[in-house]
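We're numbering straight along the sequence, starting at 1. Below, all heavy atoms of this structure are taken into account, side chains as well, without hydrogens, waters or symmetry copies.
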Amino acid sequence: LLEIDDWQADVRLNELLDEIELCLKRVIASRRFSERDEQIFRYYLFGGFSTREIAAFPEIKIVKKSIDNTVSKIKKELRYFLRKRIWEQG
């Protein structure tokens with residue numbers, strides 16, 4: 001029984017990650033976010049890096065405050081698209 005619960009949780013997690021990916025693509029496409037902004041957000045969300053750590057990456061080349069703002073804006077837009085998608089499905 002425990003294995004089934006773990007399997008079901010894994011399936012739900014993968015479904016959620018798929019939804020996040022889909023909505024993240026919509027967010028990036030709908031706004032003027034650059035490839036760098038998407039990369040920053042992916043480091044933050046999927047990589048588990050803090051904004052301070054991301055600011056230290058040589059390829060990023062912007063300060064922590066700008067990264068904080070980018071992450072905040074994308075999170076806000078992502079929440080909007082996820083809520084909209086849930087509303088459409090429900």
Side-chain angles (χ1 to χ4, degrees):
L1 184 61
L2 183 59
E3 290 178 14
I4 291 173
D5 289 341
D6 289 344
W7 178 81
Q8 290 172 334
D10 192 46
V11 168
R12 285 193 301 272
L13 176 61
N14 284 329
E15 288 173 349
L16 178 60
L17 290 173
D18 288 345
E19 287 293 321
I20 290 171
E21 257 318 313
L22 179 68
C23 290
L24 181 57
K25 288 178 183 176
R26 289 176 69 185
V27 167
I28 298 300
S30 72
R31 304 278 291 180
R32 293 186 179 171
F33 295 114
S34 67
E35 289 179 24
R36 183 192 64 200
D37 294 342
E38 181 179 4
Q39 183 180 23
I40 287 168
F41 194 73
R42 287 183 182 281
Y43 282 143
Y44 177 81
L45 183 65
F46 299 115
F49 293 99
S50 70
T51 55
R52 177 171 292 146
E53 291 169 321
I54 296 167
F57 295 168
E59 71 271 17
I60 299 300
K61 299 179 184 172
I62 58 174
V63 297
K64 180 190 174 298
K65 182 65 177 167
S66 294
I67 293 171
D68 289 336
N69 291 337
T70 296
V71 167
S72 179
K73 288 176 186 177
I74 293 177
K75 279 177 24 179
K76 181 179 178 182
E77 292 289 324
L78 184 59
R79 278 191 211 106
Y80 168 80
F81 277 107
L82 283 168
R83 284 186 187 123
K84 183 177 177 185
R85 186 148 172 87
I86 290 167
W87 179 261
E88 291 169 354
Q89 291 177 353

Calculate, to the nearest 0.5 Å, the distance between atoms [atom1] and [atom2] belonging to [X] and [Y] respectively.
X     : Y     : atom1 : atom2 : result
Ile62 : Ile67 : CD1   : CD1   : 4.5 Å
Ile54 : Ser66 : CD1   : OG    : 12.5 Å
Glu59 : Arg36 : CD    : CZ    : 11.0 Å
Tyr44 : Glu53 : OH    : CD    : 11.5 Å
Glu19 : Leu78 : CD    : CG    : 10.5 Å
Glu15 : Leu17 : CD    : CG    : 10.5 Å

* To do: Evaluate side-chain contact (heavy atoms from CB on, under 4.5 Å) for Glu38 paired with Val27, printing each intermediate quantity in order.
  => CA-CA 9 Å; Glu38 181 179 4; Val27 167; over 6 Å; no
* Within the distance-only criterion (no hydrogens, no angle test), does the side chain of Ser72 pair as donor or acceptor with the backbone N or O of Asp68 below 3.5 angstrom? -> no
* Asked: Can you list the steps and then say if Thr51 with Thr70 is a side-chain contact (heavy atoms from CB on, under 4.5 Å)?
  -> CA-CA 10 Å; Thr51 55; Thr70 296; over 6 Å; no
* So, are Glu77 and Lys73 salt-bridged, with charged N and O less than 4.0 Å apart? -> no
* **Glu21 and Arg42 ion-paired at < 4.0 Å** => yes
* Residues, nucleotides or ligands: over 12 heavy atoms within 6.0 Å of Phe46 CZ -> yes
* **Residues which pass side chain to side chain contact (heavy atoms under 4.5 Å, CB included) with Leu45, listed by chain and number, not counting sequence neighbours** => Ile20, Phe41
* Asked: How close do Cys23 and Leu82 get, heavy atom to heavy atom, and via which atoms?
  -> SG-CD2, 3.6 Å
* **Leu22 vs Arg85 side-chain heavy atoms within contact, under 4.5 Å** => yes
* Any Lys84 side-chain heavy atom under 4.5 Å of Arg26 side chain -> yes
* Do Leu16 and Tyr80 share a hydrophobic cluster, counting only Ile, Leu, Val, Met, Phe, Trp and Tyr and linking them when any side-chain heavy atoms are less than 4.5 Å apart? -> yes
* Asked: Do any pairs count as a ring pair (Phe, Tyr, Trp, His ring centres under 6.0 Å) and have a residue in residues 51-72, sequence neighbours left out, and if so which ones?
  -> Tyr43-Phe57, Phe49-Phe57
* Decide side-chain contact (heavy atoms from CB on, under 4.5 Å) for Ile40 and Ile74; before the verdict, give the C-alpha distance in whole Å, the side-chain angles of both, and the deciding distance to 0.1 Å. => CA-CA 10 Å; Ile40 287 168; Ile74 293 177; over 6 Å; no
